[in-house]
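To keep things clear, I will list the structure first and then write my remarks on it.
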Amino acid sequence: AWALVEVAPLVATATVSDAELGTHLKARTDEFRQPERRKIQYVTVSPKDFGRPASDADLEKYYKEHAAEFETPRQARASHILVRVPETGGSEAEDKAKAKVAEVIRRARAGEDFAKLARELSEDPGTAPNGGDLGLVRKGELVPQFEQGLFALAKGEVTLEPVRTPYGFHAIKVFEVIEGGKKPLKEVAAQIRDRLTAEAAENAAKAKADEIRPALQAAKDFMAEAKKLGLAPTESTVSRTQAAPLGRVDPLEEATFALAASGVTPAVKTPAGFVLAKSVESIP
């Protein structure tokens, strides 16, 4: 069983004296403290207004000068069988592990199913249940000793000797080899065009912001001068916030609070474009 007591009617009839308000505020001053603020007038120069598609010649030039970006490395689909070397036992334990892998290699090269051998004998818990399958491997993904043995193999081959790595001894089989090479220009043209177009638009917007800053800085009326320049000025208030984790700060906030009275910021890069802001009033 339960009963509901509505709070709203009680709140509506409750009264609080000025003295009680004063006492509450005095005890919780920090809850009601506003941060330092700056009243600003600003304009935004957007890269979207300077979009110009990159030419075919620009694409070809970038493609030639940044050839390494479009290289695909050689890859191999491989499986392995691992026999770990015990931490104790010295050279005898090392020899036993190596001999066990050598026997695995002999059996695999004699025609036994490599996946079946891996499921039965491999000591790599991550791949043994899948027949030792490592999927597609490219250079730089595995330890150097393993890659050296792996990329020396052709399709269908098994390593002649056990391959020693910090994990132990391995038998490796390659099932497929995908040769590396350079992606053709037609395949990456759209990607390059988008990048160059965005970079050109950003550079043009920054140049425009730098060009108009002196006029805005010298103007007695920032808003009127901005309109004369064909821009859409805005008034706003920027608050001083606490430093974010890892020291990240809002670049516009940082530039605004670094200004002297009536100063105009350099072009500040923001997600909306490049902002030029004038500090109109400091509010403690």
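Throughout, numbering of the chain's residues begins at 1 and tracks the sequence. As the structure is a computational prediction, the values presented were derived from the model and not from experiment.
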Does Lys98 form a salt bridge (Lys or Arg N to Asp or Glu O under 4.0 Å) with Glu94? I'd like the steps, not just the answer.
CA-CA 6 Å; Lys98 185 177 181 180; Glu94 176 106 0; over 6 Å; no

With side-chain contact (heavy atoms from CB on, under 4.5 Å) as the test, would you mind laying out the steps for Leu153 and Lys173 before giving the verdict?
CA-CA 8 Å; Leu153 300 173; Lys173 181 172 183 176; over 6 Å; no

Let me see the working for Glu36 and Ser239 under side-chain contact (heavy atoms from CB on, under 4.5 Å), right down to the final yes or no.
CA-CA 6 Å; Glu36 183 184 3; Ser239 298; over 6 Å; no

Decide salt bridge (Lys or Arg N to Asp or Glu O under 4.0 Å) for Lys100 and Glu103; before the verdict, give the C-alpha distance in whole Å, the side-chain angles of both, and the deciding distance to 0.1 Å.
CA-CA 5 Å; Lys100 187 174 180 180; Glu103 175 60 16; over 6 Å; no

Give the intermediate values and the outcome of side-chain hydrogen bond (donor to acceptor under 3.5 Å, both in side chains) for residues Ser46 and Asp49.
CA-CA 6 Å; Ser46 173; Asp49 298 331; 4.7 Å; no

Output, in order, the C-alpha distance, side-chain angles, deciding distance and verdict of side-chain contact (heavy atoms from CB on, under 4.5 Å) for Leu121 and Arg107.
CA-CA 12 Å; Leu121 302 171; Arg107 292 170 63 182; 4.0 Å; yes

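For the pair Arg38/Ser282, a side-chain contact is recorded, criterion being any heavy-atom separation below 4.5 Å from C-beta on.
Between Ile172 and Ala78, the shortest heavy-atom contact is CG2-CB, 4.5 Å. Between Lys269 and Pro251, the closest heavy-atom pair is O-CG, 3.7 Å. Annotation for Pro162 and Ala102: closest pair CG-N, 3.8 Å, computed over non-hydrogen atoms. Between Ala54 and Leu59, the shortest heavy-atom contact is CB-CD1, 3.8 Å.
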Ignoring hydrogens and angles, write down the donor-acceptor pairs under 3.5 Å from the side chains of residues 217-235, residues two or more places apart or on other chains.
unit_1, atom_1, unit_2, atom_2, d
Asp221, OD1, Met223, N, 3.1
Asp221, OD1, Ala224, N, 3.0
Glu235, OE2, Gln41, NE2, 2.9

Pairs of donor and acceptor atoms involving the side chains of residues 175-188, under 3.5 Å and at least two apart or interchain, shall be tabulated with distances.
unit_1, atom_1, unit_2, atom_2, d
Glu176, OE1, Arg77, NE, 3.2
Glu179, OE1, Arg74, NE, 3.2
Glu179, OE2, Arg74, NE, 3.4

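Remark: the backbone N or O of Asp133 is not paired with any side-chain donor or acceptor of Asn130 at under 3.5 angstrom. Between the side chain of Arg52 and the main chain of Ala200, no donor-acceptor pair closer than 3.5 Å is present.
Between Tyr167 and His170, the ring planes lie perpendicular to each other; the angle is over 60°, past the 30° to 60° tilted range.
For Glu65 and Lys61, the salt-bridge test passes: some basic side-chain N is under 4.0 Å from an acidic carboxylate O.
To the nearest 0.5 Å, the span separating CD1 on Ile192 from OG1 on Thr197 amounts to 11.0 Å. Annotation: the span from Phe151 atom CZ to Leu142 atom CG amounts to 7.5 Å, rounded to 0.5 Å. In this structure, Thr265 OG1 and Phe274 CZ are separated by 12.0 Å, a value rounded to the nearest 0.5 Å.
By the 4.5 Å side-chain criterion applied to Ile, Leu, Val, Met, Phe, Trp and Tyr, Val5 is assigned to a cluster that also includes Leu10.
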